[in-house]
Amino acid sequence: MILEAIHIILPILIVIASIYAVLLKDLIAAAIAVSAMSLMLSLEFYILQAPDVAIAEAGIGACLTTAILIIAIKATKRMEDET
Amino acid sequence: MSEMSKIVRTISSISFPLIIIYGLYIISHGHLTPGGGFQGGAVVASGCAMILVAYGSIWTIGKMKEKNLSLLESIGAICFILLAIFGLGFGAVFFNNFLVGSDFLFGTIPSAGSTIANINTGGVIPLMNFAVGIKVIAGLFAIVLVMAHASSTREGKK
Amino acid sequence: MIAFIITTILCFITYLILTTGSGTVGLWSIEEILLGLILSLIAGFVTRNVFIKKDLRMLNPIRWLIFVGYVVGPFFIGMAKANFDVAYRVITGKINPGIVKISPNLKTDLGITLLANSITLTPGTLSVDIDEETNDLYIHWINVKENTLKGDFVDCKYICGSFDKWIRRIAE
Amino acid sequence: MIFNIPFIAVTALVLIGLYTVIFRRNLIKMVIGITIIQSGVNLFLITLGYRENSVAPIFTSLPPGTIVPEGMSFPVPQALTLTSIVIGVAVLALMLSLIIHIYRHYGTLDSKEIGGNEE
Amino acid sequence: MWFDYLIYILLAIGVFFNILGGFGLLRFPDVYTRLHAGTKCTTFGSIFITGSVIILGLKMWYLGSTDGSILAIHTAGALVAILLTNPTGAHAIARAAHKSGVKPVGAVVDSLQTKSLKHNVNKKIIETKKMEEEK
Amino acid sequence: MSKRNFAAVVFFLVIAVFFFFSALMMHPFGVPEKADMDDEIIKGVQIETGTNNGVTSVVFDYRGFDTLGEATILFTAVAGVIMVFRRLKQ
Amino acid sequence: MSMLETLLGTFQTGSGFWNPIVWIIVAALVFLITYILRGFGNKKYKKGTEQVKSFLSGNPEYEKEKMHVKGSNLFWGFTESLKWIFDILHKMHTGNISDYVLWFVIVMAVLFLLVGLM
Amino acid sequence: MNIIDFLLQHSPALIVAIPLLGAFLTPLISRINNKARNIFVILILGLTTSIVFLLANDVFAGNIHTYVFGSQDLALPIVRILFEVDAMSAFMAIIGSILALVAVIYSWAFIKENTGLDKFYTLILLTTAGMFGMVLTGDMFNLFVFLEITSIASCALIAFWTNKGKSVEAGFKYIVISSIGALFLLFAIALLYGQYNALNIATLANAIQFSFLDKIALVLLIAAFAMKAGIVPMHMWLPDAYSKAPASVTIVLVGATQASLYGVFRVCFTLYGNTINLSPASIGWIIVLLGLITMLLGVAMALIQSDFKRLIAFSAVAEIGFMFLGIGAGLTVLGNAEMMAAIGIPAMSGGVFHIMNDALDIGLLFLVAGAIYYATRETSLDKLGGLARNMKYTTVFFIIGLFAVSGIPPMNGFASKLLIYESTFQLNPILSIVAILSSIMLLAVFVKVFHSVFLGPSLPKFKEVKEVPKSMLIAMGIIASIIIVFGLFPELIINNIVEPAVSALVNYGDYIREVIPTFTGGI
Amino acid sequence: MMEFFNEYLIVLIALLISIAMAIIRVIKGPTAPDRIVGLDTINTIVIVGMVVFGTAFNEIIYIDVAIVYALLSFISTLFIAKYLEGGDF
């Protein structure tokens, strides 16, 4: 019962984080939202009984992806221009 | 301005060996606990990325050239594919786990069911873990290092 | 060379702690110990220059004992106080913040780092910046007592309590 | 027995990523969209391999009372997801390094301005 | 079993502080005060929750399971890692916030601001001196 | 809304509807219908490959060639990144 | 017919055959005839006389570079008369990555409607 | 044990493993010497090519090779990765090996003056290995992995000239397109896996019920592969990528595109072969229509281009339409034995033969374009002119390519196009009329190029232009001679290579029965 | 045994509520440092959640993942902080 509740709450949080990763104009904020999404995705993997994937997502998704994104934003520019 | 503050540097220095040894632990216990070559490699590469962010990419590239990293990655990949080809030589086909059951290196078979961690199992899998681990460490760190260095020397090029 | 040996030993101990309960030689199996030795040699070789920089003061075991005593004793108590303080402020919303400067007169990097982290985790304070040369700390204080302000500096005892003495004993 | 919420979340993630790639003009935003699609597909694979009241397919220190084939989640989707994650970071790194070069050449990240005068 | 009650109590304290951290994150007005809530409360709550897990592991070990010791030691490792990295992260965020120009809301005193001002003034003086010397 | 965006929204909605229905038509969450291959692997992990971790045995033994491909992809990406940021001859 | 096929046809389709060797012989014959015809005219060709210069209704000859018919000028009439089609085609190729992905989505949606609903 | 037997037995694995090993070794060897590296790469590709021919020789005799990684037994259910080589796979592998070998020989001189050459050769080897893996594998996820290898490596290769903004941009477009395509491919694979708990193509083909989810997966698979193959209207990345890449990369890219095309055919014929005619909306007709649009639009766009390489790229799009037309016509009559023998087999052999012809023709034209770029540093048709005086051999090669691509006898393009025209005429006359029309327009396009680049007065700025180096001429000569041989003796090729490949596609039952002996479908 | 461990699952739900609050801060925070504070909080809570879940399912080996998180989550924070400080990498 409680496990099912967790399986309902976590995907919703993931989707919310991903929506805001798209909507935010500040690319740094978008990168932070992607990182948060990745973190919760990893928790979801962990709860879906896949600890191997959770470690990989921790190392790659939550850490290195953010790092590369931030480096790329640093090399280009921060704000997404208003359309 | 390419270094972070003293506190961050000190903590990075302290936790760097811990992250490295922990990543190696994950690599070496890949066949027993969650983890393996990719995960452990990612952990160690992240640790190196921490040193990069704490000390700056110019300091880091003085310690570790990307050429050497590329070489290291090649060596890891060659080890991996040679282990696969050894399967052709010793056993019958590619990716044959020729060491399992041979009582040689990592050759024993664990008792069925729930066991405690016995590192001396898995046949060729731990060796492959190490090869892939070397490869992933060098590869991921090379990506971060090259990109960081390129972004920090942008003004110099223009 | 010394740095290499020390780092290797530290890595080996960490590895042994991580792999307890694996066999019969003590708590470990013989293969585990061998593999751990090899891996910690590698890790020690890689990290020797980053981990230790000409500062071998922390080799003394007495300092470690004091450190453990510090963490369990005054530090934990301070931390508990801090949290009830923050809880109080979260609920009531009473804050009076400001950034102040203290000069704890600690020489080593490790000491100032320990102090800064302790301060971050204890009552109402948060280390914001550090002066790289003079080791002065800039502290965000959630509840500034205005009678303690003397020019730029604030006396250490209002913010760190007895921490700086402990840390001087540990790291200097 | 819940109402397939994880599958719907997967669909939502894929669609959000696709939306980003189609409607957003910033190149880094598009890359973020691709990352989101990637996450969605990864989540899908893992979700397919989940069995109720199961544990991970690892025999070390197994919880007592686990039934061996039925009480374990599938190992194959997890292996596939590992591959997929590494592929994702490889693609991401390449895309971002190309974006850095594009910015150096064009001075902008707007996809419309960059590809605009194509014959 | 008083052990179980101890575990429950520790868990309850930990959960309370973690939720308090989240609550404080929403309630406080600026970055620095939010850092107070977000770092301190969650670290403290984590200590209690991991502490309860450690006690559980020790209890299992006492009851004769080797797994218990592994549980206790690894959880302690996680705790050490949290204690090592969390305050440093908070410090890095605070420094970054201050350098990127976020000012503390309702600050009584801000000596870092004056310091950086002074620093800038000094830099300008030195630069102008150099320029004059070059001329 | 331009003509392009209107068309995009329409076709996007079509795709969304189909994906949504496919999500509803999947097997119930947590109850897979068939499990031949994975059950076979789980049974054979300890005997055939000598490992305790099923995922690692799948990654390196049963589907080792995928892993070779994955390692190759990382190698390719690193080669590509280094090549893209190489120093050009003037 | 079948006799002829086996003799000549090196390549049989469902309804006929084709022999490239014959083609080559024909091409060679044509080339030979052309060469002979060219030989007739070649006798009267003298270098350095008026004969060599091109005659443009008495106008002076342009420079070499201007004489060259540019690639985009070729088939000008064809493209001009079908301008509306090519305009549409030009509009399709925006060079914008989002549009590329949008075309993918459109094809996918159409295929979904065709395959999924029927 | 005989060495040939040993090689033959392990050839499916070796074909992929040797280029990979070569790619991993190239950075090490290029530290020694640059020339050693070039020779090493050519040796590796030569070895691979010879093994490919060894395998193909055996496969065209009618055997299907299976190779299980990790263990030799083929017990059910299939848990290991399986390589399954039938004649179609061997056919594609031959194309890939020829193209890669030619590309490496060509680039010896072509990109000699650039930096970063060790990475360049590494990536070429990796692209080739990915191509081989894609066409040889019998496992869906493995297909995805090799698709990604191919696309990532070729993306980096497209952006090789990083000092040009356009080529970096083309590389970025390519990677976005291919990663999105690959992700939807993975989604489709996951859908199939979730239903049938299998990844092997044969096992899946045995189990597929053509339910709603299967339809979704089919659409995703076709759309993703078609986008990677450059079908209109998803072709727009292709001119960008082809025209901005170095010529020796483009020729490898042609091979990669055709590997994606192979993906479409493998999915339609083998994976869904048993059930594809259950769909009321015939997939075959959809593919035929896509092929028609592709032909017309590609050739129309090619007519108005003013850039040499971009023009050839659009004509490559048109050529892909021919293959889709031929093989789609075969797919419409799949399962109907009489129609298959009358229409399907000729149409499909035309289509399959055209895959090889397209690779050779378009490859030759791109190499010529690269040679002209090498000599003059110019690709715009408006600025080029009168080059026939300076570059005689190149002109001859271009004429050969022109004749071949527009289907003029006695080149190879004519044979395959004739087969397609005749058989599709029986299916529906409009199809063949459209095909002939676009073929004529293709001729017009290349006459334009020939006129404006090679003919005309010799321009003063190209006075100093010389013939290109020998290695480039050798590379072009290899392809040109293959084209002429294929054109002169098409029956030989069709009987020995194309017919087995076509029958491998049509008799999909054999492919499945090789793994699952109890399978009852198929012809 | 299972009934006792389910207490930990209730703790997990409470932690999820806390995560939701931090998510609100991440998406709402007016400046970038606010968002990082939220991210940092999520990090810590996720680590604790992992420990709790591993205990709840009596899987000792799962705790390793939590240690990885505790060590690595710090790094992404550092990267963003360094960006905001304004220095080159």
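Every chain is numbered from 1 and lettered A, B, ... according to where its sequence line falls, protein lines coming before strand lines. Please read these numbers as outputs of a predicted model, since none were measured by experiment.
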Counting heavy-atom pairs closer than 4.5 Å to chain D, which one of H:Ala190, H:Ala159, H:Ala170 comes out on top? H:Ala190
Hey, which of D:Ile102, D:Ile87, D:Leu80, D:Leu94 has the most heavy atom pairs under 4.5 Å with chain H? D:Leu80
With side chains defined as the heavy atoms from C-beta onward, is the minimum distance between D:Pro57 and D:Phe74 less than 4.5 Å? no
Is chain D contacted by the side chain of H:Leu199, its backbone, both, or neither, given a heavy-atom distance below 4.5 Å? side chain
Tell me whether the count of non-hydrogen atoms from other residues, nucleotides or ligands lying under 6.0 Å of CG in H:Asn163 goes above 12. yes
With a 4.5 angstrom heavy-atom cut-off, could you sort out which part of D:Leu48 is near chain H: side chain, backbone, both or neither? side chain
Side-chain donor/acceptor of D:Asn4 to backbone N/O of D:Phe7, under 3.5 Å: no
Under a 4.5 Å heavy-atom cut-off, does chain D meet the side chain of H:Leu183, its backbone, both or neither? both
is_close_aromatic(H:Tyr373, H:Trp161), centroid dist under 6.0 Å: yes
Looking only at D:Val31, D:Leu27, D:Thr47, the option with the highest number of non-hydrogen pairs under 4.5 Å against chain H is D:Leu27
Report which part of H:Phe187 has an atom under 4.5 Å of a heavy atom belonging to chain D: side chain, backbone, both, or neither. both
Hey, does the side chain of D:Glu113 reach the backbone of D:Ser111 with a donor-acceptor pair shorter than 3.5 angstrom? no
Quick check on H:Thr162 against chain D: is it the side chain, the backbone, both or neither that has a heavy atom closer than 4.5 Å? both
Any side-chain hydrogen bond (donor to acceptor under 3.5 Å, both in side chains) pairs touching residues 26-37 of chain D, not counting sequence neighbours? A:Glu80-D:Lys29
